[in-house]
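One structure below.
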Amino acid sequence: PSDLPSDTACSATLAACHAGLRALQRCECTAGLTMGVTLMLAPSVGTGFAVAGMTSLRGRSHTFDARADGYARGEACSALALLAEQGDVAWAGSAVRQDGRSASLTAPNGQAQQPLLVAALADAGFSASELVLNEAHGTGTALGDPIESGSLVGAVLAAREAPLTVSGVKANIGHAEPGAGITGLLKLQIGLQGRLAVPNAQLRALNTP
């Protein structure tokens with residue numbers, strides 16, 4: 001049921017949006033509301049992430065930057081209304097996949113990410129050449145960011161000639177963890193409506209594998 005909470009860690013609110021979109025497409029409802037809230041109330045959580053080496057010593061999420069050393073934690077309280085009649089290209093398609101084998105919780109699997117991107121484009125009925133803007137996960141880690149950019153190269157850029165604009169909201173507001181996905185989605189929606197791609201904060205020199 002699409003009215004149940006979604007807990008898929010950093011992708012929780014995106015998974016909830018996916019469920020809401022599918023419910024609309026199957027005429028199970030005529031409107032939906034997806035929400036994501038992250039509040040930093042217990043210092044022990046941040047301490048645990050720091051001890052595990054997940055957070056940045058600089059206190060910034062340097063998304064796709066050579067200085068990337070982990071993420072900065074952020075808070076979020078975001079909501080998104082899903083309407084059956086909106087007909088917006090942002091809701092043309094959606095896809096969810098399991099990340100597959102990886103070295104650790106924070107190490108993404110590029111081989112699993114590429115089919116996800118291909119599936120999302122196919123579900124939307126668009127080709128890679130028609131994509132104009134990508135809102136990246138962009139955590140700000142030396143390992144994860146190059147894997148994500150490599151997935152974009154393999155699944156999207158290899159099938160087009162034009163460059164692709166890539167942005168990441170975590171460099172601006174930090175990583176809102178379970179609430180991160182919907183925050184990036186709202187930023188993407190605003191950019192599409194205004195035909196504007198917001199520059200990537202903190203980006204000075206590109207991170208390379």
Side-chain angles (χ1 to χ4, degrees), residues 6-22 25 34 36 54 61-66 68 70-71 88-171 175-189 191-192 197-198 200 203 205-209:
S6 296
D7 185 5
T8 58
C10 303
S11 64
T13 47
L14 291 179
C17 284
H18 174 79
L21 178 61
R22 287 292 183 259
Q25 291 173 331
T34 302
M54 297 166 62
S61 293
H62 292 94
T63 302
F64 298 121
D65 191 88
Y71 71 87
D88 197 309
V89 293
W91 308 110
S94 179
V96 170
R97 292 289 189 275
Q98 206 274 341
D99 196 36
R101 283 185 176 273
S102 57
S104 68
L105 176 66
T106 58
N109 185 333
Q111 295 302 313
Q113 287 181 354
Q114 291 189 42
L116 171 65
L117 294 167
V118 172
L121 286 169
D123 190 63
F126 286 97
S127 67
S129 62
E130 294 175 287
L131 194 63
V132 296
L133 176 61
N134 178 82
E135 175 64 26
H137 183 55
T139 306
T141 63
L143 174 63
D145 287 359
I147 291 176
E148 183 175 11
S149 60
S151 298
L152 280 171
V153 169
V156 178
L157 293 181
R160 58 186 283 152
E161 295 181 0
L164 175 67
T165 300
V166 180
S167 185
V169 73
K170 293 179 181 66
H175 189 348
E177 295 158 357
I182 193 172
T183 305
L185 191 56
L186 287 170
K187 173 175 174 281
L188 178 63
Q189 180 75 1
L192 289 173
V198 179
N200 287 283
L203 184 59
L206 283 175
N207 190 351
T208 56

**Request:** For residues A159 and A128, report the shortest heavy-atom separation together with the two atoms involved.
**Result:** CB-CB, 3.9 Å
**Prompt:** Between atom OG1 of T63 and atom CG of N207, what is the distance when rounded to the nearest 0.5 Å?
**Reply:** 10.5 Å
**Prompt:** Which value, rounded to the nearest 0.5 Å, describes the distance between H18 atom NE2 and T34 atom OG1?
**Reply:** 11.5 Å
**Item:** Closest contact, heavy atoms only, A112 versus D99
**Value:** CB-O, 3.2 Å
**Request:** Heavy atoms only: give me the nearest G93-D123 pair and the separation to one decimal.
**Result:** CA-OD2, 3.2 Å
**Gap separating the CG atom of L14 from the CG atom of L21, nearest 0.5 angstrom** = 12.0 Å
**Fill in**
For L164 and V156, the nearest pair of non-hydrogen atoms, with its separation, is CD2-CG1, 4.1 Å
**Prompt:** Which distance, rounded to the nearest 0.5 Å, do you find between the CG of L157 and the OG of S149?
**Reply:** 9.5 Å
**Asked** Looking only at atom types and distance, does a side-chain atom of N134 sit under 3.5 Å from a main-chain N or O of V166, one as donor and one as acceptor?
**Response** no
**Asked** Does a donor on one side chain and an acceptor on the other come within less than 3.5 Å for S61 and H175?
**Response** no
**Prompt:** Looking at N109 and I147, what are the two nearest heavy atoms and their distance?
**Reply:** C-CG2, 4.4 Å
**Item:** Residue pair S127, L121: steps toward the side chain to side chain contact (heavy atoms under 4.5 Å, CB included) verdict
**Value:** CA-CA 6 Å; S127 67; L121 286 169; over 6 Å; no
**Complete:** Taken to the nearest 0.5 Å, the spacing of D145 CG from T208 OG1 works out to 11.5 Å
**Asked** Looking only at atom types and distance, does a side-chain atom of D65 sit under 3.5 Å from a main-chain N or O of A205, one as donor and one as acceptor?
**Response** yes
**Interatomic distance, T139 atom OG1 to E177 atom CD [nearest 0.5 angstrom]** = 10.0 Å
**Request:** Without swapping roles, check the side chain of R160 against the backbone of P163 for a donor-acceptor pair under 3.5 Å.
**Result:** yes
**Prompt:** With side chains defined as the heavy atoms from C-beta onward, is the minimum distance between C17 and L185 less than 4.5 Å?
**Reply:** yes
**Asked** For L116, what residues pass the side chain to side chain contact (heavy atoms under 4.5 Å, CB included) criterion, not counting sequence neighbours?
**Response** A95, R97
**Item:** For E135, side chain to side chain contact (heavy atoms under 4.5 Å, CB included) partners two or more places apart
**Value:** S167, V169, K187, L188
**Prompt:** Under 3.5 Å, side chain of K170 to main-chain N/O of H137, donor-acceptor pair present?
**Reply:** yes
**Request:** For residues Q111 and P115, report the shortest heavy-atom separation together with the two atoms involved.
**Result:** O-CD, 3.0 Å
**Prompt:** F64 versus E148: any side-chain heavy-atom pair under 4.5 Å?
**Reply:** yes
**Asked** Is there side-chain contact between Q113 and L152, with at least one heavy-atom pair below 4.5 Å?
**Response** no
